[in-house]
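Below is one structure; the comments refer to it alone.
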Amino acid sequence: MAKKKDVLLDHEYDGIRELDNELPPWWVYLFWITIVFAVVYMFHYHVFKTGDLQIAEYNKEIDPNWEPPEMDENGNLISIYRSPFSSPKGDITPFIQKQFASFVGPDLTSDALIMEAMRRSDEKTLNKLKADFPELFKQLSAGGAAIIPKKAAVKETIEPMEALTDAASISKGKELFTKNCVSCHGAQGQGGIGPNLTDDYWIHGAGMAHVAHTITVGVPAKGMITWRGVLSPDQIKQAASYILTLHGTNPPNPKAPQGEKFEYPLQ
Ligand code: HEC
């Protein structure tokens, strides 16, 4: 630290005098770092243009195929990038296109998308879409009257699950099956009203997780009730485990295969 009189400046105003102290080193370093940072920043973003500015970053995020607008040598724009959301008939982002192309086809316009959404929506959403786009609603078959709103979808996920293999569980499963299921699936699971449960073919997926899931949620539209609520989760597990033991038993009078063939042993 310098002596007070060395750093005392020679001016005085109304008795106030000034000391010319050194700045603390941390402050000085920080100052130099900000200057270096600013230079690096300027060259990276504005001179070499190796970094994306905010607008480019944003555009790339909503459209992975985005290209920066072209400029001529005077810096005037030759082509202007249009946001996929800017015009009603404009391009839809490739991401959405991929998701919807399978059912709307390649000529994907936002009109087609909205109509598809109408076909798939539940009542509340349908009413809203109908109010917002009455023209499009009219374009749908029979003026839109043919649309039956879907009930709000119930989200079901299939959790991986191990089959029970102990004799007690299997025999409990057999009991449950005999009591609840044979009327439709046959005494030996050979099938009847319901499908054959002993072959390699499954409509709703083979293996413990799928079979337990099918039993739990049922296929009410096809006559297989939702067993959740009738059977406990443990009982469903027992019934499903028993059904798995029926595979390959070749009972007499089997029902013809239904669904997709699965390769056994299952992976
Ligand atoms: C009223 C008739 C009926 C009863 C009772 C019934 N099911 Fe079903 N079950 C069906 C029908 C019909 C299907 C086929 C659904 C379809 O076509 O999508 C089916 C499908 C299944 C499937 C899926 C088969 C596949 O190929 O993916 C399983 C597993 C099954 N039932 C298990 C059971 C169990 C366990 C019980 C008793 C707790 C039971 N079912 C009771 C009619 C019934």
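When a ligand or atom number is given, it counts from 1 through the structure's own listing order.
For the residues Glu260, Met224, His204, the heavy atom positioned nearest atom 16 (C) of ligand 1 is part of His204. Between atom 11 (C) of ligand 1 and the options Gly194, Gly218, Gly189, the minimum heavy-atom separation is to Gly194. Closest to atom 28 (C) of ligand 1 by heavy atom, among Asn180, Leu197, Leu176, Val219, is Leu197.
At the shortest separation from atom 15 (C) of ligand 1 among protein heavy atoms lies Lys222 CB, 3.7 Å.
With ligand atoms numbered from 1 in the order given, ligand 1 contributes 34 (C), 35 (C), 36 (C), 37 (C), 38 (C), 39 (C), 41 (C) to contacts under 4.0 Å with heavy atoms of Cys181. Heavy-atom proximity to Ile215, at under 4.0 Å, picks out these atoms of ligand 1: 32 (C), 35 (C). Here is the list of ligand 1 atoms found below 4.0 Å of a heavy atom in Cys184: 1 (C), 2 (C), 3 (C), 4 (C), 5 (C), 42 (C), 43 (C). Atoms of ligand 1 lying under 4.0 Å from at least one heavy atom of Thr214, given by number and element, are 22 (C), 23 (C). The Val211 neighbourhood of ligand 1 comprises atoms 29 (C), with distances under 4.0 Å to a heavy atom of that residue. Short contacts between ligand 1 and Ile243, defined as distances under 4.0 Å to a heavy atom of the residue, involve ligand atoms 32 (C), 35 (C).
Only the side chain of His185 comes within contact range of ligand 1, with a heavy atom under 4.0 Å; no backbone atom does. Of the heavy atoms in Ile225, none comes closer than 4.0 Å to ligand 1.
Considering backbone and side-chain atoms alike, Ile203 places an N or O below 3.5 Å from some N or O of ligand 1.
Counting only heavy atoms from C-beta outward, the side chains of Thr245 and Tyr242 approach each other to under 4.5 Å.
Using a non-hydrogen distance threshold of 4.0 Å, Pro195 registers as a contact of ligand 1.
The distance from the CG atom of Asp20 to the CG atom of Leu8 is 10.0 Å, given to the nearest 0.5 Å.
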